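Residue numbers run from 1 in the order of the sequence given. Since the structure is predicted, the reported quantities are computational estimates derived from the model, not experimental observations.
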Amino acid sequence: MKLILSAFLILAATTAFSSAKIKAKNQTLVGTIQGLGYEDPSVVIEIATNGRGTRVDLGSTAHLQSLGLKKNLLVIGDKVEATGKLTIGKVQDEMDAELLVVNGRTYKLK
């Protein structure tokens with residue numbers, strides 16, 4: 001019985017570790033906008049960088065509009081530079097952006 005319990009605990013720990021996301025420090029990604037969701041509660045863009053997609057959370061629509069970052073300034077195919085906390089996932093990476101450069105203009109999001 002102890003052997004079965006030990007094997008189960010090892011399997012559970014291995015599974016939990018392998019499905020965990022790896023949190024990184026602030027990083028900067030440069031890529032092109034592949035997708036856009038400009039609605040509350042959060043504006044999200046999908047950028048392609050190094051053959052991998054990253055979901056980038058920019059913040060609320062009200063906050064972005066107060067910064068002058070309107071929906072028409074985010075266009076699929078445009079090159080962007082996003083800086084923030086990057087989480088590496090198995091399927092998709094995610095970033096909580098703190099700074100965004102689009103069309104030569106810098107927006108401090110946080």
Handout entry: CA sep, side-chain torsions, deciding dist, call: Val80, Ile47, side-chain contact (heavy atoms from CB on, under 4.5 Å)
Key = CA-CA 8 Å; Val80 294; Ile47 64 172; 3.5 Å; yes
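- Residue Leu73 is not grouped with residue Val75 when hydrophobic side chains (ILVMFWY) are merged at heavy-atom distances under 4.5 angstrom, including chains of intermediate members.
- Residues satisfying the side-chain contact (heavy atoms from CB on, under 4.5 Å) test with Thr28, not counting sequence neighbours, are Glu81, Thr83.
- Counting heavy-atom neighbours within 6.0 Å of Lys70 NZ, excluding the residue itself, gives a total above 12.
- Placement of Val44 and Met95 in two distinct hydrophobic clusters is found when ILVMFWY residues are connected by side-chain heavy-atom separations under 4.5 Å, directly or transitively.
- Under a hydrophobic-cluster definition in which Ile, Leu, Val, Met, Phe, Trp and Tyr are linked whenever side-chain heavy atoms come within less than 4.5 Å, directly or via other members, Leu99 and Leu64 are assigned to different clusters.
- Scanning all heavy atoms of the two residues, the minimum distance from Ala97 to Leu58 falls at CB-CD2, 4.0 Å.
- Closest approach of Val43 to Ser60, counting heavy atoms only: CG2-C, 4.3 Å.
- Counting heavy atoms from C-beta on, the side chains of Leu86 and Asn26 never come closer than 4.5 Å.
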Exercise for the section: Could you walk me through whether Gln65 and Lys71 pass the side-chain contact (heavy atoms from CB on, under 4.5 Å) test, one step at a time? Expected result: CA-CA 8 Å; Gln65 289 174 1; Lys71 183 177 182 177; over 6 Å; no
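- Considering every non-hydrogen atom in both Leu69 and Tyr38, the closest pair reads O-OH, 2.8 Å.
- When hydrophobic clusters are built by joining Ile, Leu, Val, Met, Phe, Trp and Tyr residues whose side-chain heavy atoms come closer than 4.5 Å, directly or via intermediates, Leu36 is grouped together with Leu109.
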Exercise for the section: Begin from the C-alpha positions of Tyr107 and Glu98 and carry the test side-chain contact (heavy atoms from CB on, under 4.5 Å) through to its verdict. Expected result: CA-CA 9 Å; Tyr107 298 91; Glu98 297 175 3; over 6 Å; no
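- A 6.0 Å sphere centred on NZ of Lys110 holds more than 12 heavy atoms belonging to other residues, nucleotides or ligands.
- With hydrophobic clusters built from ILVMFWY side chains whose heavy atoms lie under 4.5 angstrom apart, Leu29 shares a cluster with Ile33.
- Looking at Asp78 and Asn103, their side chains come closer than 4.5 Å, going by heavy atoms from C-beta outward.
- Residues Ile88 and Glu94 form no side-chain contact, since every pair of their non-hydrogen atoms from C-beta on lies 4.5 Å or further apart.
- In summary, Arg55 and Asp93 do not engage in a salt bridge, as defined by a charged side-chain N under 4.0 Å from a carboxylate O.
- When all heavy atoms are compared, the tightest approach of Gln34 to Ala48 is CG-CB, 3.5 Å.
- Between the Asp57 side chain and the Gly59 main chain, a donor and an acceptor come within less than 3.5 Å of each other.
- A distance-only check finds a donor-acceptor pair linking the side chain of Thr49 to the backbone of Val30 [under 3.5 Å].
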